[in-house]
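Comments concern the structure below.
Whatever order the structure lists ligands and atoms in, that order sets their numbers, starting from 1.
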Amino acid sequence: MTENPSPPSALTIAGSDSGGAAGLQADLRTFLTCGVHGLVAVTAVTVQNTLGVHDRADLPPHIVAGQIEAVAADMGVGAAKTGMLASAEIIHAVAAACDKAGIGRDGAIPFVVDPVAAAMTGQSLFDDDGLAALRDELLPRATVLTPNLDEVRLLTGMTVTDREGMHTAAVVLHQLGPKYVLVKSGHLQSDPECVDLLFDGSTFVELPGPRWQTPHTHGAGDTMASALTAGLAKGMPVVEAARYGKWFVSQAVEHSYPMGAKVGPVSAFWRLAPEER
Ligand SMILES: Nc1ncnc2c1ncn2[C@@H]1O[C@H](COP(=O)(O)OP(=O)(O)OP(=O)(O)O)[C@@H](O)[C@H]1O
Ligand SMILES: Cc1ncc(COP(=O)(O)O)c(N)n1
């Protein structure tokens, strides 16, 4: 038998969600569905369901860094993304490991920084030191920063209530160092559409889509950022990868389903054949 070609690969640096809706589970599922081999650096294990994050154990920073360095040295990373980073200590270790591996703004490997600060059920996924470290160490390394509107407020102090506010926030966030800012619009409930915004320091690109009327959006943010990362791993330019991420997550929200007492997961099943769903 002749050898099969290697698929593109993407690395997620993220926490585990025992509920399988968000975190590294959403990232790996999205990578698979997008035809990309998923590599993982686990940062923390959360005890989580749709009612909340009940407990967690953070991994030692050197183990997080070790995972990044091991896969980068041997298997090759086409693009990388962050999710829950848990602590300032883990962020220091991630920044150093990414520099070694060539991941980030000045390295060859595109780096999506999803500044996950809290679970949608409200529990913080890192403390104030973590926020400062994220802003100072990871934003300047980011190829694309993908905040939701709560993360915009944490990073800039700005409360965004409309599309114009998203434009202003994108400009302020761009000054913190990322090459591109992608402001996500899921929380702009007053808007009948769901239009994300990409900004590269000079040009705004709108990423339009319908706003599906469903309460089940758990994991939407991770799914958008990981589909974007998968697009980058396949070699798409950033604008094309952002459109791909938005297209992918919109389908995932449309096919979301109830599971558990509160907010159910978005679905990657939409890409399966109907008889397999
Ligand atoms: N009701 C919806 N209909 C269509 N797309 C949506 C909807 N809600 C969110 N999205 C899309 O999902 C992605 C994530 O958006 P959001 O702003 O909710 O981020 P997030 O808060 O990080 O996600 P979450 O906390 O739900 O995982 C964006 O691309 C957004 O456009
Ligand atoms: C391990 C982990 N990572 C990320 C999220 C954020 O996702 P969401 O905003 O959908 O709760 C989460 N809840 N858990």
Side-chain angles (χ1 to χ4, degrees), residues 12-28 30 40-59 81-86 90 112-126 144-154 160 163 166 169 182-198 206-228 231 241-256 260 262-267 270:
T12 178
I13 306 166
S16 165
D17 166 11
S18 49
L24 68 87
Q25 287 79 3
D27 295 339
L28 289 181
T30 304
V40 199
V42 185
T43 57
V45 175
T46 67
V47 177
Q48 186 170 175
N49 56 20
T50 66
L51 299 171
V53 178
H54 308 288
D55 205 352
R56 64 185 241 200
D58 299 349
L59 264 75
K81 81 170 279 279
T82 63
M84 172 186 180
L85 290 172
I90 289 181
V112 175
V113 175
D114 192 12
V116 173
M120 71 187 320
T121 40
Q123 295 77 21
S124 173
L125 296 178
F126 60 33
V144 191
L145 175 71
T146 60
N148 66 23
L149 297 189
D150 289 336
E151 292 150 1
V152 167
R153 188 173 38 75
L154 281 173
V160 172
R163 287 193 203 176
M166 287 173 65
L182 195 165
V183 182
K184 294 177 294 188
S185 61
H187 299 196
L188 211 58
Q189 297 292 351
S190 57
D191 194 323
E193 290 169 84
C194 208
V195 185
D196 296 350
L197 185 69
L198 183 69
E206 288 194 340
L207 309 170
R211 181 174 296 274
W212 302 111
Q213 294 308 314
T214 172
H216 303 304
T217 57
H218 199 187
D222 310 73
T223 300
M224 162 25 132
S226 47
L228 157 67
R243 289 193 198 284
Y244 179 74
K246 173 65 187 172
W247 166 77
F248 188 92
V249 75
S250 189
Q251 304 270 354
V253 175
E254 187 185 4
H255 291 83
S256 64
K262 288 199 170 165
V263 178
V266 303
S267 172
W270 66 271

Atoms of ligand 1 less than 4.0 Å from [X] heavy atoms?
| X | result |
| --- | --- |
| Asp196 | 28 (C), 29 (O), 30 (C), 31 (O) |
| Gly219 | 27 (O) |
| Thr217 | 24 (P), 26 (O), 27 (O) |
| Arg211 | 1 (N), 3 (N) |

* Would one find an N or O of Lys246, backbone or side chain, under 3.5 Å from an N or O of ligand 1? ->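 Between Lys246 and ligand 1, an N or O pair is found under 3.5 Å apart.
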* **Test of proximity, Val253 against ligand 1: N or O pairs below 3.5 Å** =>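 Between Val253 and ligand 1 (N or O atoms, distance only) the closest approach is not under 3.5 Å.
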* Determine, stepwise, if the pair Asp222 / Asp17 fulfils side chain to side chain contact (heavy atoms under 4.5 Å, CB included). => CA-CA 11 Å; Asp222 310 73; Asp17 166 11; over 6 Å; no
* Structure fact -> Of Lys184, Gln251, His218, Met120, the residue with the heavy atom nearest atom 15 (O) of ligand 1 is Lys184
* Can you figure out which of Gly245, Gly221, Gly209, Gly186 has its heavy atom closest to atom 18 (O) of ligand 1? =>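 Nearest option to atom 18 (O) of ligand 1, by heavy atoms: Gly186.
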* To do: Report the C-alpha distance between Lys184 and Asp114 in whole Å, list the side-chain angles of each, state the deciding distance to 0.1 Å, and finish with yes or no for side chain to side chain contact (heavy atoms under 4.5 Å, CB included).
  => CA-CA 11 Å; Lys184 294 177 294 188; Asp114 192 12; 3.3 Å; yes
Which protein non-hydrogen atom lies closest to [atom], naming both residue and atom, and how far is it?
| atom | answer |
| --- | --- |
| atom 1 (N) of ligand 1 | Trp212 O, 3.0 Å |
| atom 4 (C) of ligand 1 | Pro210 O, 3.2 Å |
| atom 11 (C) of ligand 1 | Val249 CG1, 4.1 Å |
| atom 21 (O) of ligand 1 | His187 NE2, 2.6 Å |
| atom 10 (N) of ligand 1 | Cys194 SG, 3.7 Å |
| atom 20 (P) of ligand 1 | Asn148 ND2, 3.5 Å |

Does some side-chain heavy atom of [Y] sit less than 4.5 Å from a side-chain heavy atom of [X]?
| X | Y | answer |
| --- | --- | --- |
| His54 | Asn49 | yes |
| Gln48 | His218 | yes |
| Gln123 | Thr46 | no |
| Trp212 | Ser250 | yes |
| Thr12 | Val40 | yes |
| Met166 | Leu149 | yes |
| Thr121 | Leu51 | no |
| Leu24 | Ser16 | yes |

* contact_flag Ser185 ligand 1 heavy-atom lt 4.0 Å ->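 True for this residue.
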* Please state whether Ser250 comes within less than 4.0 angstrom of ligand 1, counting heavy atoms only. =>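 Distance cut 4.0 Å: Ser250 fails for ligand 1.
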* To do: Tell me which part of Gln213 gets within contact of ligand 1: side chain, backbone, both or neither, using heavy atoms under 4.0 Å.
  =>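 Looking at Gln213 and ligand 1, no heavy atom falls under 4.0 Å.
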* Can you label the angle between the His255 ring and the Trp270 ring as parallel, tilted or perpendicular, going by 30° and 60°? => parallel
Distances only, to 0.1 Å: what are the N or O pairs between ligand 2 and the protein that fall under 3.5 Å?
residue	atom	partner	partner atom	Å
ligand 2	7 (O)	Asp222	OD1	3.3
ligand 2	10 (O)	Gly219	N	3.0
ligand 2	11 (O)	Met120	N	2.8
ligand 2	11 (O)	His218	NE2	3.3
ligand 2	13 (N)	Gln48	OE1	2.8
ligand 2	14 (N)	Gln48	NE2	3.1

* Asked: So, Asp196 and Ser185: side-chain donor and acceptor under 3.5 Å apart, yes or no?
  -> yes
* Between Asp191 and Arg211, does at least one N-O distance fall below 4.0 Å, as a salt bridge requires? ->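 No, this pair does not count.
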* To do: Could you give me the CA-CA distance, side-chain angles and deciding distance for Lys81 and Asp27, then say whether side chain to side chain contact (heavy atoms under 4.5 Å, CB included) is met?
  => CA-CA 9 Å; Lys81 81 170 279 279; Asp27 295 339; 3.0 Å; yes
